[in-house]
Amino acid sequence: MDKLLKLLKENARLSVEEMAVLCDRTPEKIAEQIDELTAKKILLGYRAVIDWEKAGSEKVTSIIEVKISPKRDFGFDEFAAAVARFPEVQRVYLMSGGYDIMLEILADSFRDVAMFVAKRLAPMDSVLSTATHFVLRTYKDNGVIMGDERTDERGFSL
Amino acid sequence: MIDYSRVLNDTVVGIKPSGIRKFFDIARTLDGCISLGVGEPDFVTPWAIREAGIVSLERGRTWYTGNSGLEPLRKSVCGYLKRRFDMNYEPDSVVITVGGSEAIDLCVRAVINSGDEVIIPMPCYVAYDPIVRLCGGVTVPVVTKAENGFRITGDELRAAITDRTKLLVLPFPNNPTGAVMRREHLEELAEVLRDTNILVLSDEIYAELTYGGERHVSPASISDDMYARTVIVNGFSKAFAMTGWRLGYCCGPDEIVRQMLKIHQFAIMCAPTTSQYAAIAAMESCDGEVEKMVEEYAMRRRLMVDGFNRMGLTCADPNGAFYVFPSIESTGLTADEFCEKLLYAQRVAVVPGTAFGDCGEGHIRASYAQSVGQLSEALRRIEKFVKELKS
């Protein structure tokens, strides 16, 4: 199971047959395991890793630190679940250290980020303060190095 | 003007340069080419080893070492051989060399007189025959067969032995076939060799890279008689992904190793010092790293064997090294034609079996020292190529 997850994490586009050979299982067994992992909500999705800069997109990524004051019926989990529903929010983490929740936002423009903070996030009841950091450039995302143009330097050898 | 043809050594001039140069030159000019022609790991040397090399430089360890290599390294090599392969050697029987390649050269040079015969199972790594010829020796090829798992059998060995036989090369796990010799196969050879004066050069550079649960067995560990007649050659390149460090070693009977050391002493002086310090870390603390790499190779190997068989190119399960050696006979092309056409049509570089001896005709060698993504794409391209050939 771990091997299968590791393979999928590295390359989700392998066919069931290829994964079967790599894991030394039958394709039926692999298909069954994938179904099981999906049903158990361990496998949650397959997404492409995109170099937005290269794609010519003006999209803006920002990291927002949020300090909150948990309420009796609205603690960290409830707050996180609420912000996670905003479509521009890509990641939500509960953090140790100087703030409580970290959000990663992907928006179409700086203005959209500003509007998100001003209109959606800051007015929420539990929010004490926010600090917004704009990502200037992405060097690595999801284990993939952006614009990595290293070529295979190895020659033929016998 | 100087006439170079009168200056050069006839034997050297008579040696053919490696046949794959032409493919390499073509491959380099093609964008998006996937090379399965490489004979070295795609992994970077494990960090602990690189760090040990860096630390040795920081401490200014930039001098020559003793001719036979650093004593702590030779001790670690002995500890490693005991731990991993249950072999008993003393540091004094070990010489640290510039890659396994130098160790092969030393061994052949130390024992071969003009006219002596060297039995070499083929197809095999390309260096043995030229070295034998440079020493004035004669290569006696024994063509290994796919139906024997590309192993040399006792009968084949017996048939190849003459009064001039001096040396038997045992290149297992084998490049390019991936064949391994199990204990029972080695015992069969040991029986033939008993009461002869034939030395064994066991090239064990791929010893760590065996699959299917069974560890490599060295001919030196078969019996006292075999121990006394075997020089083992090994190195750090393949198992520890250290090709560029150029470091290997040999060990064997004192009487032989002492003579090999003389050649090393005068030709090389000592192996690179930084590499030697780094190699101590490889011997002492990298078993886990090696196992991780082997596990990865094992997975890729299954992908390759399955892929080639699926497209109708019969491919036996190799038990060692990181190559598959499928048959391309069903395409009707020679190995050379197959490789050249594939390279231009689909931009995948593989090596014709003939690079490893004429008996390699009808086969190609594909290395799986590449990422799964690259291998899977390469297999798709080869399949397309084969389909188009048949239509």
Side-chain angles (χ1 to χ4, degrees), chain A residues 1-34 36-38 42-43 45-52 54-55 138-158, chain B residues 18-28 31-42 101 123-127 175-176 211-212 237 243-244 295-296 298-307 309-310 323 339 349-351 355-356 365 367 369-377 379-380:
Chain A
M1 211 70 130
D2 279 356
K3 203 174 207 174
L4 180 59
L5 286 174
K6 197 169 151 257
L7 273 181
L8 284 169
K9 168 86 180 117
E10 278 167 20
N11 186 352
R13 296 195 68 192
L14 290 168
S15 67
V16 169
E17 285 73 23
E18 283 172 323
M19 286 187 276
V21 174
L22 289 165
C23 296
D24 207 9
R25 301 259 184 290
T26 62
E28 294 73 30
K29 181 76 191 166
I30 293 292
E32 188 185 300
Q33 282 187 333
I34 290 178
E36 191 187 327
L37 288 164
T38 311
I42 293 171
L43 255 181
Y46 306 85
R47 301 293 162 92
V49 183
I50 299 169
D51 186 338
W52 288 109
K54 220 172 206 170
T138 306
Y139 292 98
K140 190 173 181 181
D141 187 15
N142 254 300
V144 181
I145 296 174
M146 300 290 162
D148 189 7
E149 284 174 5
R150 276 178 308 171
T151 49
D152 194 343
E153 291 169 23
R154 296 171 300 158
F156 267 65
S157 43
L158 300 169
Chain B
S18 154
I20 60 153
R21 189 77 230 166
K22 119 180 144 180
F23 293 104
F24 182 45
D25 290 342
I26 302 169
R28 268 198 314 194
D31 277 345
C33 181
I34 301 176
S35 176
L36 306 184
V38 289
E40 58 180 322
D42 55 320
S101 314
C124 72
Y125 176 57
V126 293
N175 166 17
Y211 314 105
S237 297
T243 45
E295 198 181 317
E296 180 72 27
M299 195 171 75
R300 299 170 182 184
R301 178 189 66 123
R302 288 193 294 269
L303 183 71
M304 296 294 275
V305 171
D306 178 77
N309 281 318
R310 235 176 240 272
Y323 312 101
C339 294
V350 294
V351 181
F356 308 93
R365 186 194 78 174
S367 159
Q370 278 287 11
S371 68
V372 166
Q374 292 269 290
L375 292 175
S376 147
E377 173 59 24
L379 285 170
R380 261 190 281 276

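Below, chains carry the letters A, B, ... as their sequence lines are ordered, and counting in each starts from 1.
By the 6.0 Å contact criterion, NZ on Lys29(A) is open, its count of non-hydrogen atoms from other residues, nucleotides or ligands being 12 or less.
Of the two parts of Val372(B), only the side chain, counted from C-beta on, holds a non-hydrogen atom closer than 4.5 Å to a non-hydrogen atom of chain A. Looking at Glu377(B), there are no atoms closer than 4.5 Å to chain A (heavy atoms on both sides), in backbone or side chain. When heavy atoms are compared at a cutoff of 4.5 Å, Arg310(B) approaches chain A solely by way of its side chain, counted from C-beta outward. Of the atoms belonging to Glu295(B), it is side-chain heavy atoms, and not backbone ones, that fall under 4.5 Å from chain A. Using a 4.5 Å cut-off between heavy atoms, Ala369(B) touches chain A through backbone and side chain atoms alike.
The heavy-atom pair separating Lys9(A) from Asn142(A) by the smallest distance is NZ-OD1, 3.5 Å. Closest non-hydrogen pair, Val126(B) versus Phe356(B), comes out as CG1-CD2, 4.2 Å.
The pair Glu32(A)-Arg25(A) does not count as a salt bridge, with every side-chain nitrogen at least 4.0 angstrom from each carboxylate oxygen.
Chosen from Pro41(B), Cys33(B), Gly244(B), the residue pairing most often with chain A at heavy-atom distances under 4.5 Å is Pro41(B).
Counting heavy atoms from C-beta outward, Asp42(B) and Arg300(B) have side chains that approach closer than 4.5 Å.
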